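Data first, discussion second: the structure below is written as structure tokens.
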Amino acid sequence: MQALYICGPTASGKSSLALQMAEELDGEIVNADAFQLYRGLEIVSAAPSSDELRQVPHHLYGVLEPTEAADAQVYTQLARPVIAEILSRGKTPIVTGGSGLYLKFLTHGAAPLPTGNPQLRAEMDARPLADLIAQLEALDPLEASRTALQNRRFVSRALEICILSGQKASDLRDQWESKTHEISSQLRGLVIQRTRPDLHARIAQRTRAMLSGGVLDEVAALADVSTNCEKAIGFREIRALLAGTLDRNTCEEAINAATRQYAKRQETWFRREKWLQPHPIS
RNA sequence: GGCCCGAUAGCUCAGUCGGUAGAGCAGUGGAUUGAAAAUUCACGUGUCGGCGGUUCAAAUCCGUCUCGGGCCA
């Protein structure tokens, strides 16, 4: 018995496929979506409806407060025991979600790297990028040569690893790279594939339903949120709508565009995960 | 009907003194092991509304027509 992973871009229909698979395989659904982890973001994050939640046992939905921060490692620590527990009862975990990095951690494990440090990050954010690059090149030239140096996030993280661990990020990362291949061959999962026009139509439909389905109230109710939750697609746009700085149509289109772009990035990510079996729906 | 303004990439628009056009957004492809719904890289040929004229050369100047918008009747 082993877990089944259901991946795919946002709005591709992962939740309903998961329900179907759960019934076929006597399974239970485990969330693999970074934002559906949070309580109070159900509508913006397009979490499963209460009807769906009732049909089959669902795990890791709404388990974090919006004020809490999380990351791929935290997610893995939450998900591992849940999956093990489901397996121990002889059921099939149906791990469902579109957060590529989270899934990658869960399936392939974490490299032995230090956890992100908010204070250090704040300090680095205040420094010029060229400065960070220079420091990384001094501490770990190999890692610097492998890093997309225009990407501030990547430079910061590489530097953060060096500073917090006192070791070279390149050495630590290499330790993890070596094991990935054999793990992949033992996994089983599906990626939902839809044509772009179909996916775009579904996104538009979902955004519309969201806007008339209570997101405004949901977002209005979220006073203090972690910087994590602020990044949810729709969150900023709806706040602007509530504040009157954005009209409804512009808001709707902004959400649609951001969602389409996200879906494309997800497709790029999952395309690389060769262990995932394509599951076309049309 | 007369006068004025506009018409350039899917959208919004820039384009100097004439030298066959470029930004933003959208879109497409990529990267991505502790912020990931994040972050980041690359990709711009389009009857310059149509036709005619001037010119070595027209998106640019002239004429005319079409379609918008406005003002006056």
Side-chain angles (χ1 to χ4, degrees), chain A residues 8-12 14 31-38 41 43-47 68-79 97-122 124-125 129 132-133 143 146-158 160-161 164-165 169-170 172-180 183 195-197 199-200 203-204 206-207 210 225-238 249-250 253-273:
Chain A
T10 189
S12 60
K14 294 185 290 295
N31 175 38
D33 181 291
F35 286 79
Q36 292 174 10
L37 245 25
Y38 288 99
L41 297 185
I43 305 172
V44 241
S45 69
E68 289 181 88
D71 59 37
Q73 168 75 338
V74 167
Y75 168 71
T76 305
Q77 287 169 347
L78 290 171
S99 298
L101 183 69
Y102 283 24
L103 280 157
K104 188 71 176 177
F105 267 63
L106 181 60
T107 54
H108 291 74
L113 305 176
T115 300
N117 179 310
Q119 199 182 336
L120 177 57
R121 287 177 178 185
M124 289 192 293
D125 284 348
L129 177 58
L132 302 177
I133 292 171
E143 187 65 11
R146 293 168 173 179
T147 303
L149 298 175
Q150 321 88 322
N151 193 332
R152 189 179 187 96
R153 280 280 175 91
F154 289 3
V155 174
S156 297
R157 166 93 273 238
E160 179 181 58
I161 293 167
L164 296 177
S165 70
S170 52
L172 297 173
R173 279 184 165 154
D174 285 346
Q175 290 175 32
W176 169 79
E177 304 273 355
S178 56
K179 295 194 262 177
T180 60
I183 293 172
T195 64
R196 279 292 161 81
L199 191 61
H200 288 182
I203 287 169
R206 194 181 69 184
T207 303
M210 208 178 262
V225 296
S226 63
T227 51
N228 260 29
C229 297
E230 276 177 354
K231 291 180 307 204
I233 289 172
F235 185 83
R236 189 163 298 179
E237 293 86 347
I238 289 162
N249 285 341
T250 311
E253 182 43 32
I255 294 173
N256 280 333
T259 308
R260 276 184 241 127
Q261 290 164 347
Y262 172 49
K264 189 163 77 68
R265 276 179 264 131
Q266 289 176 297
E267 289 188 330
T268 301
W269 184 290
F270 292 128
R271 226 173 265 148
R272 298 208 303 174
E273 298 294 329

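Just so we're on the same page: letters track the sequence lines, and every chain starts at 1. Everything quoted here is computed from the prediction, not taken from an experiment.
Within 4.0 Å (heavy atoms only), A:Arg173 reaches sugar-phosphate atoms of the nucleic acid but no base atom. Note on A:Ser45: a base of the nucleic acid sits closer than 4.0 angstrom, heavy atoms only. Within the 4.0 angstrom heavy-atom criterion, no nucleotide atom of any strand lies near A:Thr227. Among the heavy atoms of the strands, none lies under 4.0 Å from A:Gly234. In this structure, A:Arg157 reaches the bases: a heavy-atom distance under 4.0 Å links it to at least one base atom across the strands shown. Using a 4.0 Å heavy-atom criterion, one finds that A:Asn256 contacts no nucleic acid atom at all. Looking at heavy-atom distances under 4.0 Å, A:Tyr102 makes contact with sugar-phosphate atoms alone, never a base. Contacts of A:Val74 with the nucleic acid, taken as non-hydrogen atoms under 4.0 Å apart, are absent. Among the atoms of the strands shown, only primed sugar atoms or phosphate atoms (P, OP1, OP2) are found under 4.0 Å from some heavy atom of A:Ala70.
Counting to the nearest Å, the P atom of B:A37 and the CD atom of A:Glu267 are 14 Å from each other. Taking atom CD of residue A:Glu230 and atom P of nucleotide B:A36, one finds them 12 Å apart after rounding to whole Å. What separates CD of A:Glu273 from P of B:A36 is a distance of 17 Å, to the nearest Å. One can place CD of A:Gln77 at 10 Å from C1' of B:G34, the figure rounded to the nearest angstrom. Distance CG (A:Asn31) to P (B:A36): 13 Å, rounded to an integer number of Å. What separates NZ of A:Lys104 from C1' of B:A31 is a distance of 14 Å, to the nearest Å. Atoms CZ (A:Arg206) and P (B:A37) sit 12 Å apart, rounded to a whole Å. Taking atom OH of A:Tyr262 as the reference point, atom P of B:A36 lies 10 Å away to the nearest angstrom.
Between A:Ile133 and A:Thr147 there is no side-chain heavy-atom pair separated by less than 4.5 Å. For the pair A:Trp269 and A:Leu103, the minimum side-chain heavy-atom distance is 4.5 Å or more. In this structure the side chain of A:Tyr38 reaches within 4.5 angstrom of the side chain of A:Ser226, judged on heavy atoms. By the 4.5 Å heavy-atom criterion applied to side chains, A:Arg265 and A:Thr268 are not counted as neighbours. With contacts defined as side-chain heavy-atom distances shorter than 4.5 Å, the pair A:Arg173/A:Ile161 qualifies. Contact annotation: the side chain of A:Leu113 never approaches that of A:Ser165 to less than 4.5 Å [non-hydrogen atoms, C-beta and beyond]. Inter-residue side-chain proximity for A:Val44 and A:Phe35 is flagged as unmet; no heavy-atom pair is nearer than 4.5 Å.
With the nearest nucleotide of RNA chain B identified for both A:Gln36 and A:His200, A:His200 has the one nearer the 5' end. Judged by closest nucleotide on RNA chain B, A:Gln261 is the one of A:Gln261 and A:Gln73 placed further toward the 5' end.
To the nearest 0.5 Å, the span separating CD on A:Glu68 from CG on A:Asn228 amounts to 10.0 Å.
The pair A:Arg157-A:Glu160 meets the salt-bridge criterion, since a charged nitrogen lies less than 4.0 angstrom from a carboxylate oxygen. Checked for salt-bridge contact, A:Arg260 and A:Glu253 meet the test: a charged N lies under 4.0 Å from a carboxylate O.
Of the C1' atoms belonging to B:C72 and B:C11, the separation is 34 Å, rounded to the nearest Å. B:U54 and B:G18 are spaced 12 Å apart, taking the C1' atom of each and rounding to whole Å. Between the C1' atoms of B:C62 and B:G44, the separation comes to 32 Å (whole Å). Across B:U12 and B:U47, the matching P atoms stand 15 Å from one another, rounded to whole Å. Across B:C48 and B:G52, the matching P atoms stand 13 Å from one another, rounded to whole Å. Across B:C13 and B:C17, the matching P atoms stand 23 Å from one another, rounded to whole Å. Taking the P atoms as reference points, B:G19 lies 43 Å from B:A38, given to the whole Å. Comparing the P positions of B:G15 and B:A73 gives an interatomic distance of 34 Å, to the nearest angstrom.
Between the side chains of A:Thr10 and A:Arg206, at least one donor N or O lies within less than 3.5 Å of an accepting N or O.
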- Message: If you apply the rule salt bridge (Lys or Arg N to Asp or Glu O under 4.0 Å), what do you find for A:Glu267 with A:Lys264, and how did you get there?
- Response: CA-CA 5 Å; A:Glu267 289 188 330; A:Lys264 189 163 77 68; over 6 Å; no
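Taking only side-chain nitrogens and oxygens, A:Thr268 never comes nearer than 4.0 Å to OP1 or OP2 of B:G29. Phosphate contact (OP1/OP2 of B:G27, side-chain N/O of A:Arg196, threshold under 4.0 Å): absent.
The side chain of A:Arg260 lies closest to B:A26, out of B:A26, B:A35, B:A36.
With a glycosidic angle no further than 90° from 0, B:G34 counts as syn.
Counting only Watson-Crick or G-U wobble pairs whose defining distances are both under 3.5 Å, the stems of 3 or more consecutive pairs in RNA chain B are B:1-7 with B:66-72, B:10-13 with B:22-25, B:27-31 with B:39-43, B:49-53 with B:61-65.
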Got a list of protein N/O to nucleotides 39-43 of chain B N/O distances below 3.5 Å?
| residue | atom | partner | partner atom | Å |
| --- | --- | --- | --- | --- |
| B:U39 | O2' | A:Asn151 | OD1 | 2.3 |
| B:U39 | O2 | A:Asn151 | ND2 | 2.8 |
| B:U40 | O4' | A:Asn151 | ND2 | 2.9 |

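Between the side chain of A:Asp33 and the base of B:A37, a donor-acceptor pair under 3.5 Å is found.
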